[in-house]
Amino acid sequence: MKIASWNVNSLKVRLPHVLDWLKESGVDVVCLQEIKLVDEKFPTADFEEAGYNVAVHGQPTYNGVAIISRYPLEDVKIGLPGDKSDDQARYVEAAISHKSGSIRVASIYLPNGNPVDTDKYPYKLKWMERLRRHAEKMLAKEEAFVLAGDYNVIPQAEDVHDPVAWSDDSLFRLETRHAFRRIVNLGLTDAFRACHAAPHQYTFWDYQGGAWRKNNGIRIDHLLLSPPAADLLKGCAIDKHVREWEKPSDHVPIWCDLDIAA
DNA sequence: ATGCCGGGCGAAGCCCGA
């Protein structure tokens with residue numbers, strides 16, 4: 001079973017890319033971020049025609065996440081627990097049953113946090129702490145799960161083209177990386193790093209300044225696996241060729257292959 | 001390069017992203 005994450009930067013604009021990529025990649029589940037749609041405008045019919053089920057947490061104009069799956073999505077949970085006043089659509093999770101059990105998948109759009117001297121940054125850190133507590137509760141159940149999404153976190157210096165230039169940025173400053181480590185250190189596996197040691201493997205390139213051409217990228221889209229899911233990990237890859245498509249998202253898909261026969 | 005792109009909204013120009 002292949003499970004992917006992709007920040008599409010507007011599903012309205014990127015729907016053809018997503019449908020083409022589903023066909024090309026053969027992934028079973030893709031977690032989307034920044035769909036920028038309300039639930040009512042989600043192109044459910046297009047995905048159903050392609051053979052997929054959907055779970056959506058939409059919002060007007062900004063944010064919005066979804067899960068697209070070949071297999072039925074059960075026990076869908078909308079929103080990250082821990083703050084009822086948080087009205088930003090950044091989290092949806094669902095369970096997928098298969099022959100030998102079930103796996104839970106979450107689509108995460110972690111707040112950007114810039115500029116760091118505004119309330120955006122403490123919101124990011126609080127959101128990360130909420131995610132840590134939620135992951136802790138999920139881990140206690142000892143189930144297979146994948147937390148897939150745009151984390152807006154550069155984990156290490158090898159994951160950015162110019163670490164010095166990014167040192168004070170919300171995505172790379174120490175406090176952010178510490179908060180990310182606190183989540184991973186619960187016992188989660190970064191699927192990409194479990195499969196590849198090579199530095200400078202990116203999932204995002206800015207639209208500006210010829211960033212793609214110069215390979216000025218950052219690795220901020222991650223698949224974090226619970227121990228039972230990590231035991232099933234067969235491979236992981238970043239589909240960077242999608243960044244060459246006409247009018248691309250600034251993020252590309254990342255996927256992992258788990259040894260699950262559905 | 002704290003916005004040079006690109007998208008939303010809405011019909012010009014501001015808000016937002018990383």
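So that the names make sense, note that chain A is the first sequence line, chain B the second, and so on, each numbered from 1. Values reported hereafter were calculated over all heavy atoms of this structure, with side chains retained and with hydrogens, waters and symmetry mates removed.
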Let me spell it out: for each of A:Leu110 and A:Val13, pick the nucleotide of DNA chain B with the closest heavy atom. Which residue's pick is nearer the 5' end? A:Val13
Enumerate the protein-to-nucleotides 10-17 of chain B contacts in which both atoms are nitrogen or oxygen and the separation is below 3.5 Å.
| from | atom 1 | to | atom 2 | distance (Å) |
| --- | --- | --- | --- | --- |
| B:dG17 | OP2 | A:Lys120 | NZ | 3.4 |

Considering only atom P, compute the distance from B:dG17 to B:dA12 and round it to an integer number of Å. 25 Å
To the nearest Å, how far apart are A:Phe204 CZ and B:dG6 P? 12 Å
Please report the shortest heavy-atom distance between A:Ala144 and A:Ser226, naming the atom on each side. CA-OG, 3.4 Å
Could you give all pairs that pass the side-chain hydrogen bond (donor to acceptor under 3.5 Å, both in side chains) test and reach residues 252-262 of chain A, with sequence neighbours left out? A:Asp239-A:Trp255
Which residues share a salt bridge (Lys or Arg N to Asp or Glu O under 4.0 Å) with A:Glu158, sequence neighbours left out: A:Arg193
Under 4.0 Å between a side-chain N or O of A:Lys247 and OP1 or OP2 of B:dC5? no
Atom-to-atom span, CZ of A:Arg243 to P of B:dC5 - whole angstrom: 13 Å
Could you list who else is in A:Tyr207's hydrophobic cluster, with ILVMFWY side chains joined at under 4.5 Å, directly or through other members? none
Strand contacts (DNA chain B) in residues 14-22 of chain A, 4.0 angstrom heavy-atom criterion: A:Arg14
Within the pair A:Ser10 and B:dG6, is there a side-chain N or O less than 4.0 Å away from OP1 or OP2? no
Roughly, in whole Å, what's the span from CD in A:Gln59 to P in B:dG7? 19 Å
Fellow cluster residues of A:Val38, listed by chain then number, with links counted only when side-chain atoms sit under 4.5 Å apart: none
A:Asp169: partners by salt bridge (Lys or Arg N to Asp or Glu O under 4.0 Å), with sequence neighbours left out: none
Nearest-Å distance once atom P is located in both B:dG10 and B:dG6: 23 Å
Could you identify which residues cluster with A:Ile154, counting Ile, Leu, Val, Met, Phe, Trp and Tyr as linked when any side-chain heavy atoms lie under 4.5 Å apart, either directly or through a chain of such contacts? A:Val160, A:Trp166, A:Leu171, A:Phe172, A:Phe204, A:Ile218, A:Ile220
Kindly indicate whether the side chain of A:Asp150, heavy atoms from C-beta on, has any atom under 4.5 Å from the side chain of A:Ser5. no
Please list, chain by chain and in numerical order, all residues satisfying ring-ring contact (aromatic ring centres under 6.0 Å, His included) with A:Phe180, sequence neighbours excluded. A:Tyr151, A:His222
Quick one: A:Trp205 CH2 to B:dC5 C1', roughly how many Å, whole number? 16 Å
5'-most by nearest nucleotide on DNA chain B - A:Ile220 or A:Thr61: A:Thr61
Between atom CZ in A:Arg173 and atom C1' in B:dT2, what is the gap in whole Å? 14 Å
Quantified in whole Å, what is the P atom distance between nucleotide B:dG13 and nucleotide B:dT2? 25 Å
